[in-house]
2 protein chains.
Amino acid sequence: MATAPQEVCVTDNLMHFLELSETDKRLLATLEQTPQPVAKGQQLWKASERPDTLYTLRRGWAYSMHRSESGEEQVLDIFLPGDLMGIRELTFPAHSTDVVMLTSGVVCPFPAERLLDIYQRSPSLTLAIHAAAARQQVIISKRLVNILRHDARAKIAHFVLELYYRLKRVDESVHRNFAVPLLQSDFGKLLGMTKVHVSRTLSEMENQGLLRKTRKDIQILDLDRLLEISAFDPMKLTDQLNPTLTAALPSPGPS
Amino acid sequence: MATAPQEVCVTDNLMHFLELSETDKRLLATLEQTPQPVAKGQQLWKASERPDTLYTLRRGWAYSMHRSESGEEQVLDIFLPGDLMGIRELTFPAHSTDVVMLTSGVVCPFPAERLLDIYQRSPSLTLAIHAAAARQQVIISKRLVNILRHDARAKIAHFVLELYYRLKRVDESVHRNFAVPLLQSDFGKLLGMTKVHVSRTLSEMENQGLLRKTRKDIQILDLDRLLEISAFDPMKLTDQLNPTLTAALPSPGPS
DNA sequence: CGTACCTTTGACGGCTGTCAAAGGAAGTGG
DNA sequence: CCACTTCCTTTGACAGCCGTCAAAGGTACG
């Protein structure tokens with residue numbers, strides 16, 4: 001158990017991309033004025049609802065999922081502290097995913113129009129928010145693409161590494177051992193496999209000295225081999241922004 | 001062969017989302033000032049390059065793909081006439097996909113900074129471009145998620161329907177029979193299966209009276225059953241924008 | 001302490017990948 | 001216009017991964 005339930009705000013997240021001016025930080029802070037505790041299992045929005053509220057996740061984990069007519073559930077996003085939730089579906093007349101808290105936590109809801117407001121006031125923030133949204137999409141695409149081409153062991157390896165690097169980004173205290181509030185059935189819904197096969201594969205991976213998952217946490221035993229097996233490339237998740245864009249920003253934004 | 005090689009510009013694409021003012025249209029037209037013919041097989045960018053140029057696709061088809069170390073190719077995007085190419089990777093220091101023309105065609109390159117320019121000048125255009133980018137992402141996510149959970153027949157059904165509805169959106173002349181410049185191996189790279197199994201499954205689907213694919217085109221034989229098999233929901237690709245956002249736009253943009 | 005949920009294990013079958021070879025279509029050069 | 005080559009598609013045999021069904025064992029929670 002390496003991670004303490006500390007609070008991570010969106011500013012911490014976005015500052016990975018760009019240095020933000022004090023003005024920008026104050027503007028951003030207005031999005032997190034109304035922290036609100038949420039219970040484990042609480043639903044933040046339903047698939048049929050119109051996206052008019054965005055959320056920042058300050059504490060806890062959440063996930064979004066599709067529910068098909070046949071009742072199958074496919075998890076799409078895993079949200080970690082600091083993440084902006086709901087921006088992908090913003091332009092559509094309906095979310096088309098349910099979002100549920102995986103743990104208890106704290107979220108800050110704010111009206112979607114506020115984002116347009118920010119777009120008009122700060123090009124730097126606009127860019128940073130775009131980068132965060134693009135990053136979320138890349139994470140999903142990479143996960144799905146890699147899942148498509150690999151066997152169960154590589155799927156699990158890939159996802160565990162995704163979590164590892166995403167958590168390390170916002171929480172320095174994360175080491176080879178970190179808390180993960182996901183059941184084996186959650187892995188299944190994420191990776192498109194049955195929980196039975198998840199169980200089998202996890203046992204196999206532990207026997208091979210790759211990783212160990214308990215109910216509460218995950219221990220990475222052989223990082224190098226996991227990277228090799230899954231073809232995971234941490235560099236693809238870089239926080240570095242496109243220099244062509246940052247150069248085109250109006251002012252270099254002094255801190 | 002139902003589709004003629006007509007020209008579709010980005011304005012045609014974006015106008016599906018929002019009525020654009022004359023000012024907006026003129027601004028948008030500046031992006032398409034330099035049409036440039038491209039040959040089949042021509043590479044528009046490489047995975048390692050920095051995204052400093054965006055493209056609009058006026059004629060022809062293109063696709064983007066990941067190339068893994070082992071040489072496997074995974075196709076991510078299929079670009080059709082009217083599509084904006086390159087916006088997803090814009091904020092990253094490198095594309096991480098190669099983009100190649102599937103047919104000969106016409107593209108209009110323009111510098112990435114121009115987009116920031118547009119963002120500052122027109123909230124309506126900004127919203128429309130975001131919607132187009134979000135739509136592309138939804139297409140990819142839906143494809144991958146559905147692929148994950150279904151067998152080969154449903155995978156193919158889903159992708160064929162994706163093409164069908166995307167093409168119909170920009171080309172009224174598309175009917176149950178439409179030109180598709182994709183090989184069976186391309187289907188394989190898109191759907192994460194071998195070309196051998198694509199062949200087997202296509203034969204099976206033709207025998208079942210579902211669809212018929214030749215080298216040049218695809219004929220949809222039983223739309224209803226394809227929809228049922230693949231759990232494809234055309235409504236998820238709606239062009240309707242989130243009313244909450246359009247209501248928040250500064251001016252209703254008279255045509 | 002009891003119950004509900006989660007994980008583990010086993011047997012079995014089907015879908016899909018791999019390897020291999022033949023058949024067919026398109027493009028090239030004579 | 002034909003011959004040749006190359007690429008694409010089809011077909012078959014076989015093996016392996018993973019889903020399904022079922023039941024038992026373990027853990028958390030009231």
Side-chain angles (χ1 to χ4, degrees), chain A residues 1 39-41 68 70-75 100 102-104 146-159 179-208 211-219 229-230, chain B residues 1 39-41 68 70-75 100 102-104 146-159 179-208 211-219 229-230:
Chain A
M1 187 86 70
K40 174 175 174 176
S68 72
S70 50
E72 293 169 300
E73 295 175 344
Q74 171 67 45
V75 173
V100 177
L102 274 161
T103 66
S104 63
N146 277 277
I147 279 173
L148 223 53
R149 284 290 184 182
H150 295 100
D151 64 4
R153 199 180 58 151
K155 290 183 192 184
I156 289 178
H158 189 93
F159 175 57
V180 174
L182 295 172
L183 303 175
Q184 293 187 355
S185 55
D186 295 323
F187 272 61
K189 289 172 201 163
L190 254 157
L191 303 177
M193 48 198 280
T194 60
K195 58 189 177 186
V196 176
H197 205 62
V198 170
S199 169
R200 268 194 265 269
T201 310
L202 283 174
S203 304
E204 180 196 339
M205 294 178 84
E206 181 171 346
N207 289 336
Q208 295 173 338
L211 60 82
R212 216 174 98 78
K213 179 185 182 315
T214 66
R215 263 161 205 253
K216 304 237 156 149
D217 47 27
I218 287 182
Q219 187 176 4
I229 289 171
S230 63
Chain B
M1 187 85 73
K40 174 177 174 174
S68 72
S70 50
E72 292 169 301
E73 295 174 344
Q74 171 67 45
V75 173
V100 178
L102 275 161
T103 66
S104 63
N146 276 277
I147 280 173
L148 221 55
R149 284 289 184 180
H150 295 99
D151 65 3
R153 199 179 59 150
K155 290 182 192 183
I156 289 178
H158 188 93
F159 175 57
V180 174
L182 295 171
L183 303 175
Q184 292 188 357
S185 56
D186 294 323
F187 272 61
K189 288 172 201 163
L190 254 157
L191 303 178
M193 48 198 278
T194 61
K195 57 188 176 186
V196 176
H197 205 63
V198 170
S199 171
R200 266 193 268 268
T201 310
L202 283 175
S203 304
E204 181 197 338
M205 295 177 83
E206 183 173 344
N207 289 337
Q208 296 174 338
L211 59 82
R212 216 174 97 79
K213 180 187 181 313
T214 66
R215 263 164 205 250
K216 304 237 154 146
D217 47 28
I218 287 182
Q219 187 177 3
I229 288 170
S230 64

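Chain naming here is simple, since letters A, B, ... match the order of the sequence lines and numbering starts at 1 in each. On a predicted model such as this, the values are computed, not experimentally measured, just so you know.
- Using a distance-only test at 3.5 Å, with no hydrogens or angles considered, a donor-acceptor pair links the side chain of Asp186(A) to the main chain of Leu183(A).
- Residue Ile147(B) contributes atom CD1, which lies 19 Å from atom P of dC15(C) at whole-angstrom precision.
- Using a 4.5 Å heavy-atom cutoff, the side chains of His158(A) and His150(A) are not in contact.
- Across every non-hydrogen atom of Lys40(B) and Leu102(B), the tightest pair is CG-O, 3.6 Å.
- Taking atom CZ of Arg153(B) as the reference point, atom P of dT16(C) lies 10 Å away to the nearest angstrom.
- Nearest-nucleotide mapping onto DNA chain D: of Asp151(A) and Arg215(A), the residue sitting toward the 5' end is Asp151(A).
- Note that the two end axes of the helix from dC1(C)-dG30(D) to dG30(C)-dC1(D) enclose an angle of 50°, each drawn from 5 base pairs, rounded to 10 degrees.
- A distance of 11.5 Å separates CG in Leu190(A) from NZ in Lys155(A), rounded to the nearest 0.5 Å.
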### Task
Start with the C-alpha gap between Leu191(A) and Val198(A), add the side-chain angles, then the distance that decides, and say whether side chain to side chain contact (heavy atoms under 4.5 Å, CB included) holds.
CA-CA 9 Å; Leu191(A) 303 177; Val198(A) 170; 5.8 Å; no

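- Counting to the nearest Å, the P atom of dG24(C) and the NZ atom of Lys213(B) are 18 Å from each other.
- The footprint of chain A on DNA chain D, defined by a heavy-atom cutoff below 4.0 Å, extends from dC18(D) to dT27(D).
- The list of side chain to side chain donor-acceptor pair (under 3.5 Å) pairs with a residue in residues 190-203 of chain A, not counting sequence neighbours, is empty.
- With hydrogens and angles ignored, the 3.5 Å screen pairs a side-chain donor or acceptor of Lys213(B) with a backbone N or O of Leu182(B).
- Contact record, Ser230(B) with Ala154(B): CB-O, 3.8 Å, taken as the closest heavy-atom pair.
- When the salt bridge (charged side-chain N to carboxylate O under 4.0 Å, His left out) test is applied to Lys189(A), the partners found at least two apart in sequence or on another chain are Glu73(A).
- With sequence neighbours excluded, the residues that form a salt bridge (charged side-chain N to carboxylate O under 4.0 Å, His left out) with Arg212(A) are Glu206(A).
- We find that NE2 of His150(A) is positioned 19 Å from P of dT16(C), with the value rounded to whole Å.
- If you take CG of Leu182(A) and P of dC5(C), they are 19 Å apart, rounded to a whole angstrom.
- Against DNA chain C, the stretch residues 188-201 of chain A makes heavy-atom approaches under 4.0 Å through Val196(A), Ser199(A), Arg200(A).
- Once rounded to the nearest 0.5 Å, the distance linking CD1 of Ile156(B) with CD1 of Ile229(B) reads 11.0 Å.
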